[in-house]
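Each chain gets a letter, A, B and so on, in the order the sequences are listed, and its residues count up from 1.
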Amino acid sequence: MSAAILTATASDLGRRIAARELTSVEVTRVFLGQIKRVDADVHAFLHVDAEGALAQAAAVDARLDAGEELGPLAGVPLALKDLFCQEGVPTTAGSQILAGWRPPYSATVTQRLLDAGIVILGKTNLDEFAMGSSTENSAFGATHNPWDLDRIPGGSGGGSSAALAAFEAPLAIGTDTGGSIRQPASVTGTVGVKPTYGGTSRYGVIAMASSLDQPGPCARTVLDAALLHAVIAGHDPMDSTSIDAPVPPVVDAARSGDVRGLRVGVVRELSGEGYAPGVEQRFGEAVALLAQAGAEIVEVSCPHFGYALGAYYLIMPSEVSSNLARYDAMRYGLRAGDDGTRSAEEVMNLTRGEGFGDEVKRRVIIGTYALSSGYYDAYYGSAQKVRRLIASDFDAAFEQVDVLVSPSTPTTAFRLGERTADPLAMYASDLCTIPSNMAGNASGSFPCGLAPEDGLPVGFQVMAPPLADDRVYRVGAALERALGGGVLTDRIAERWTAGAAPDGSAPDDTARDRAEEA
Amino acid sequence: MALTTADVARLAELARIALTPEELERLAPQLDVILDAVASVSEVATADTEPMSHALPLTNVFRDDVVTPSLPAAAVLAGAPSVEDGRFRVPRILGEGA
């Protein structure tokens, strides 16, 4: 019973809760039990809000019992990236500087989830301030990939992707500045979509780089991601860059999956040197499946994508250096060294020195340099021009094709510790995902099998023009169907759900014991 | 070398981040490598390319000047590192002898 709930899709759980075959409290208890049972091994969560989740679930059950019609995901539990403010619930952004802080308000995305009756189980781990590709930059310890606990779950949203893959939640929320939704989805065999910039509200999301940050849905199936997308998307007057336009028909597209006649462009520049053979093989097979499903495949060149990583690591740190100036030790968060003799400036220096980790310091310093007079034109100015060239590449490509495709990230999950001493190797994880953040178009990652050499998940990226998010889901759904064999994460379901007690309580054995037996 | 240890120390000071000598030794060479890698942007950034600061064609957003409730002061002060008389208590902001 409880294993069946853990592996069910969110849409199925929502349907059964609405039909009163299951209660939200019952479902929520099962997932809280799973978190208790396996999260010591996975470390997907920074905070589990059992009390709050059960109260939300009970409220949804009461509304449904009273005959109220709620949305398709009402009563379904979700894991929320710890970058989203949730009133009264600890929100850290993975940083010591915010340890223990409880926001006095909720992000628009958080509020829309709660309004839709979605139950928030807790806050998931991330690289500090969402800066990283492995969660190893979290001040509170790394998350482990449920496919292989010695490997990274991706980042920055590795807590959300690992929670999905270890069946600790059927839904999760991430943010994507340079790939923080798509790369974790790729390496955990899950689905993650970065909506068109402005498609989802940034209000109450702790900012990294405001012109690039975008919240988005994470799930194990394409339809679940689309249903969640529809809940959180749409205009928000509290975000000045929110687009005032109808939400693209993502759910219809996910249900349809019809790609007949769709023109699919394979990006020539996102392949070759640096790409693992198994990644290229599974990607190529997936393209062939789309062709069989009726899509028209063409090769497309985006000549400036090779410069995207360099431009990103100038624009993003510049915005970081400005956004993170708010952590000044005065109004909230950590204050260090305030012994009554030191000035505000000295306290500020000490607090930021103590409260920020290495990667945050690197980015703030690079940004400070790139924006300083004398270097501004050479660095930040040039990077902004490259951003224009990348957007022009997309414009030209979308005149020829309806979507662009590539691997989501050049390799499968690398080992924990493998890239921590080499920032540039870590940055290369986002080679394929960054162009869509620069141009602001919609983009998603979908599972496309396991790499033969290591048996680890490979992600397939679909990029669509701004406000054509539905095309991302259409192609994702087509691929999900064509691949057959069910949902990719089901291949590790037995390992993560065997032994889940019928009532959702935690048995004595740990997931690691079972993994070693297997 | 584009960035020396002294440069990084100065930038950290501007960014209000106290770095220990060990941190400075560790971070400075990494920052130099990163900066070297990203310098490739100047290869293609020609004078006639218009810089792009944002993905959206932004226009100013206007709204009616309507009074809406603010957060209660107590809720905001609850997250402060130090509070006195319903206000944020901060360290002295002027130098010694000012």
A:Arg335 vs B:Ser82 side-chain heavy atoms within contact, under 4.5 Å = yes
Portion of A:Phe356 that has a non-hydrogen atom of chain B nearer than 4.5 angstrom = side chain
Smallest heavy-atom separation, B:Phe88 atom then A:Met330 atom, equals CD2-O, 3.9 Å
Could you walk me through whether A:Asp338 and B:Arg89 pass the side chain to side chain contact (heavy atoms under 4.5 Å, CB included) test, one step at a time?
-> CA-CA 11 Å; A:Asp338 185 14; B:Arg89 191 201 150 274; 3.4 Å; yes
If only atom types and distance count, is the side chain of A:Arg387 paired as donor or acceptor with the main-chain N or O of B:Pro51 below 3.5 Å?
-> no
So CG of A:Leu350 and CZ of B:Arg16: to nearest 0.5 Å the spacing works out to 12.5 Å
Part of A:Glu87 within contact of chain B (heavy atom distance under 4.5 Å) | neither
Going from NZ on A:Lys361 to CG on B:Leu24, what distance comes out if it is rounded to the nearest 0.5 angstrom?
-> 11.0 Å
Between B:Val41 and A:Gly310, what is the shortest heavy-atom contact and its length?
-> CG1-C, 3.7 Å
Identify the two heavy atoms, one from B:Arg92 and one from A:Arg342, that lie closest to each other, and give their separation to 0.1 Å.
-> NH2-C, 3.9 Å
Which atom of A:Ala439 lies closest to which atom of B:Ala55, heavy atoms considered | O-CB, 3.5 Å
Side chain / backbone / both / neither for A:Ala325 at chain B, heavy atoms under 4.5 Å = neither
What residue in B:Gly79, B:Ser42, B:Ala12 has the most heavy-atom pairs under 4.5 Å with chain A?
-> B:Gly79
Out of curiosity, B:Arg10 CZ to A:Thr368 OG1, how far, rounded to the nearest 0.5 Å?
-> 11.0 Å
More than 12 non-hydrogen atoms from neighbouring residues, nucleotides or ligands closer than 6.0 Å to OH on A:Tyr105, yes or no?
-> yes
Output the option from B:Leu31, B:Asn60, B:Thr49, B:Val90 having the highest count of non-hydrogen pairs under 4.5 Å with chain A.
-> B:Thr49
A:Lys385 side chain vs B:Thr46 backbone, donor-acceptor pair below 3.5 Å | yes
Under 4.5 Å heavy-atom distance to chain B, tell me which part of A:Tyr312 shows up: side chain, backbone, both or neither.
-> neither
Just how far is it from atom NE2 of B:His54 to atom OG of A:Ser210, taken to the nearest 0.5 Å?
-> 7.5 Å
Among the listed options B:Leu19, B:Leu71, B:Leu14, B:Leu35, the residue most often paired with chain A at heavy-atom distances under 4.5 Å | B:Leu35
Examine whether an atom of B:Thr20 lies under 4.5 Å from a heavy atom of chain A, and if so say whether it belongs to the side chain, the backbone or both; otherwise answer neither.
-> neither
Please look at A:Ile365 and chain B and tell me whether the side chain, the backbone, both or neither of the residue comes under 4.5 angstrom of a heavy atom of that chain.
-> both
Checking B:Gln30 against chain A: side chain, backbone, both or neither under 4.5 Å from a heavy atom?
-> side chain
Can you name the closest pair of heavy atoms from A:Val364 and B:Ala15 and give their distance?
-> CG1-CB, 3.7 Å
Below 4.5 Å from any heavy atom of chain B, which atoms of A:Ala421 appear? Answer side chain, backbone, both or neither.
-> backbone
Using non-hydrogen atoms and a 4.5 Å limit, figure out which bit of B:Ile34 sits close to chain A: side chain, backbone, both or neither.
-> both
Using a cut-off of under 4.5 Å on heavy-atom pairs, state which of A:Val347, A:Asp358, A:Leu309 scores highest against chain B.
-> A:Asp358
Among the listed options A:Glu354, A:Met438, A:Arg102, A:Gln384, the residue most often paired with chain B at heavy-atom distances under 4.5 Å | A:Gln384
Region of A:Ile390 that comes under 4.5 Å of a non-hydrogen atom in chain B = neither
Select, from A:Gly340, A:Pro237, A:Gly353, the one with the greatest count of heavy-atom pairs under 4.5 Å involving chain B.
-> A:Gly353
Looking only at A:Pro466, A:Pro423, A:Pro103, most heavy-atom pairs under 4.5 Å shared with chain B are made by A:Pro423
Pairwise side-chain contact, B:Leu27 with A:Arg362, heavy-atom cut-off 4.5 Å (strictly under) = yes
Could you have a look at B:Ala78, B:Ser53, B:Ala75, B:Pro72 and say which one has the most heavy-atom pairs with chain A under 4.5 angstrom?
-> B:Ser53
Among B:Asp7, B:Val61, B:Leu56, which has the most heavy-atom pairs under 4.5 Å with chain A?
-> B:Leu56
For B:Pro91 and A:Ser343, work out which heavy atoms get closest and say how close.
-> CB-C, 3.9 Å
